[in-house]
Amino acid sequence: MEDFTNDPAALVAFNLLPADLRAGINEQSWERWLKHYFPKPFNRPFTSYQRDFWDWGWRIQPDRSYRPRVECEPRGVGKSTSAETLVVALLARKRKQSVGYVSGTDDKATKHFNSIKRKLENEQLLRDYPHLTPRVQKYRNAFNAWSQDRLLTDGGQTLIPITLQGSNRGFKSEDDTRFDLIVLDDIDSLGESPDVIMKNLELLKSEILLAGYANTTILFAQNL
């Protein structure tokens, strides 16, 4: 496959193509897609386990059942960056509609929320996938006296941050909308007691995972 980035004239011609054609060419390879839309975070050679992760993620189709993916990687290799970017890719290619992104604390949930929002605001990405244009929607529940920011795209897709500690009620939906993708990222911290760990596991099993469908895709990104 020709790499237009090495030929300025060819790159100019490529950028003049219709958006759906540009996107279709880039989607022929996940590596090409990543390097085209997100060249800075993906400028180094991919490891074997990163390639395995993207081979898996790129094959995901709507309404298909997949075994939960537990992605254990060393610290500092971009585990969260890959998980966040996969969410963007699945929304861009219309493979997923409603995403729950689960973290242990409000601070971690906000960090991932803002990171995905910045990725969705990528001008080059929005040229080819205008349905991704994001806006923040304030979700309020006056009865329970809490509110939460959510991302809603122009295409009607949603991203909802969930925390195990603090505003963990925020994922509940009054219209019974369920997640077709649940990502667990940074759900634990060093030094947590066995009681806290068991409480979090019970919350995951009894409430959060049940907020999906029977065929909801589940990704658990964890430090090795």
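Since the structure is predicted, the reported quantities are computational estimates derived from the model, not experimental observations. All residue numbers refer to positions in the sequence shown, counting from 1.
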Check whether any side-chain heavy atom of Leu34 sits under 4.5 Å from a side-chain heavy atom of Phe46, and report yes or no. yes
Is the shortest side-chain heavy-atom distance between Ile208 and Leu210 below 4.5 Å? no
For a 4.5 angstrom cut-off between non-hydrogen side-chain atoms, does Ile162 reach Phe179? yes
Rounded distance [0.5 Å steps], CG in Asp180 versus CD1 in Ile182: 9.5 Å
Can a donor-acceptor pair be found, under 3.5 Å and without considering hydrogens, that links the side chain of Thr133 to the backbone of Pro130? yes
Go through the steps to decide whether Arg178 and Thr216 satisfy the test side-chain contact (heavy atoms from CB on, under 4.5 Å), and finish with yes or no. CA-CA 9 Å; Arg178 293 179 176 271; Thr216 291; 5.9 Å; no
Can you tell if the side chain of Cys72 reaches within under 4.5 Å of the side chain of Val70, non-hydrogen atoms only? yes
List in chain and number order the residues that pass salt bridge (Lys or Arg N to Asp or Glu O under 4.0 Å) with Asp52, two or more places apart in sequence or in another chain; answer none if no residue qualifies. Arg69
Only distances under 3.5 Å count here; give the side-chain donor-acceptor pairs of residues 53-64 to other protein atoms, sequence neighbours excluded, each with its distance to 0.1 Å.
unit_1, atom_1, unit_2, atom_2, d
Asp55, OD1, Trp30, NE1, 2.8
Trp58, NE1, Glu27, O, 3.1
Arg59, NH1, Asp55, O, 3.2

Sequence neighbours excluded, which residues qualify as side-chain hydrogen bond (donor to acceptor under 3.5 Å, both in side chains) partners of Thr47? Gln50
I want to check something: taking the side chain as every heavy atom from C-beta on, are Leu184 and Leu219 in contact at a cut-off of under 4.5 Å? no
Indicate, with yes or no, if Tyr129 and Leu86 share a hydrophobic cluster defined by side-chain heavy-atom contacts under 4.5 Å among Ile, Leu, Val, Met, Phe, Trp and Tyr. yes
Full working for side-chain contact (heavy atoms from CB on, under 4.5 Å) between Tyr66 and Ile218: CA-CA 8 Å; Tyr66 299 92; Ile218 297 171; over 6 Å; no
Identify whether Leu90 and Ile160 are in the same connected component of the hydrophobic contact network (ILVMFWY, side-chain heavy atoms under 4.5 Å). no
Least distance between heavy atoms, Leu120 atom then Leu125 atom: CA-CD2, 4.3 Å
Listed partners of Arg51 passing salt bridge (Lys or Arg N to Asp or Glu O under 4.0 Å), at least two apart: Glu31
Please give me the minimum heavy-atom distance between Ala109 and Ser103, naming the atom from each residue. N-CB, 3.7 Å
Who pairs with Ser80 by side-chain hydrogen bond (donor to acceptor under 3.5 Å, both in side chains), at least two apart in sequence or on another chain? Asp185
Output all residues satisfying side-chain contact (heavy atoms from CB on, under 4.5 Å) with Thr105, sequence neighbours left out; order by chain, then residue number. Asp107, Lys108, Gln165
Joining Ile, Leu, Val, Met, Phe, Trp and Tyr whenever any side-chain heavy atoms lie under 4.5 Å apart, the cluster holding Val77 also takes in Tyr49
Taking side chain as C-beta onward, heavy atoms only, is Arg150 less than 4.5 Å from Val136? no
Check whether any side-chain heavy atom of Phe113 lies under 4.5 Å from a side-chain heavy atom of Asp149, and answer yes or no. yes
So does Ala92 get a backbone contact from the side chain of His131, meaning a donor-acceptor N/O pair under 3.5 Å? yes
Taking only residues two or more places apart in sequence, or in another chain, which ones meet Lys119 in a side-chain hydrogen bond (donor to acceptor under 3.5 Å, both in side chains)? Glu84, Ser115
Are Gln28 and Arg32 close enough, and set up right, to give a side-chain contact (heavy atoms from CB on, under 4.5 Å), and what steps lead you there? CA-CA 8 Å; Gln28 293 176 22; Arg32 179 190 180 89; 5.8 Å; no
Under the ring-ring contact (aromatic ring centres under 6.0 Å, His included) test, which residues partner Phe42, sequence neighbours left out? none
Hey, could you give me the CG/CZ distance between Asn43 and Phe38, rounded to the nearest 0.5 Å? 14.0 Å
Is a side-chain N or O of Arg22 found less than 3.5 angstrom from the main chain of Leu17, in a donor-acceptor match? yes
Heavy-atom closest contact (Leu181 atom, Val87 atom, distance): CD2-CG2, 4.1 Å
side-chain hydrogen bond (donor to acceptor under 3.5 Å, both in side chains) evaluation trace for Asn26 with Tyr37: CA-CA 9 Å; Asn26 285 325; Tyr37 297 112; 3.2 Å; yes
Which pairs of donor and acceptor atoms, one on a side chain in residues 197-205, lie under 3.5 Å apart (sequence neighbours left out)?
unit_1, atom_1, unit_2, atom_2, d
Glu202, OE2, Lys205, NZ, 3.2

Rounded distance [0.5 Å steps], CG in Leu159 versus CD1 in Ile116: 5.0 Å
Taking side-chain contact (heavy atoms from CB on, under 4.5 Å) as the test, write out the residues that go with Lys111, two or more places apart. Asp186
With side-chain contact (heavy atoms from CB on, under 4.5 Å) as the criterion, how do Thr153 and Arg135 come out once you've worked through the C-alpha distance, each side chain's angles and the decisive distance to 0.1 Å? CA-CA 6 Å; Thr153 71; Arg135 66 180 185 274; over 6 Å; no
Is Val196 linked to Leu164 within one hydrophobic cluster, defined over Ile, Leu, Val, Met, Phe, Trp and Tyr using a side-chain heavy-atom separation of less than 4.5 Å? no
Residues pairing under side chain to side chain donor-acceptor pair (under 3.5 Å) where one sits in residues 88-99, two or more places apart or in two chains, turn out to be Lys96-Thr217, Ser98-Thr158
Is Glu123 salt-bridged to Arg127, cutoff N-O under 4.0 Å? no
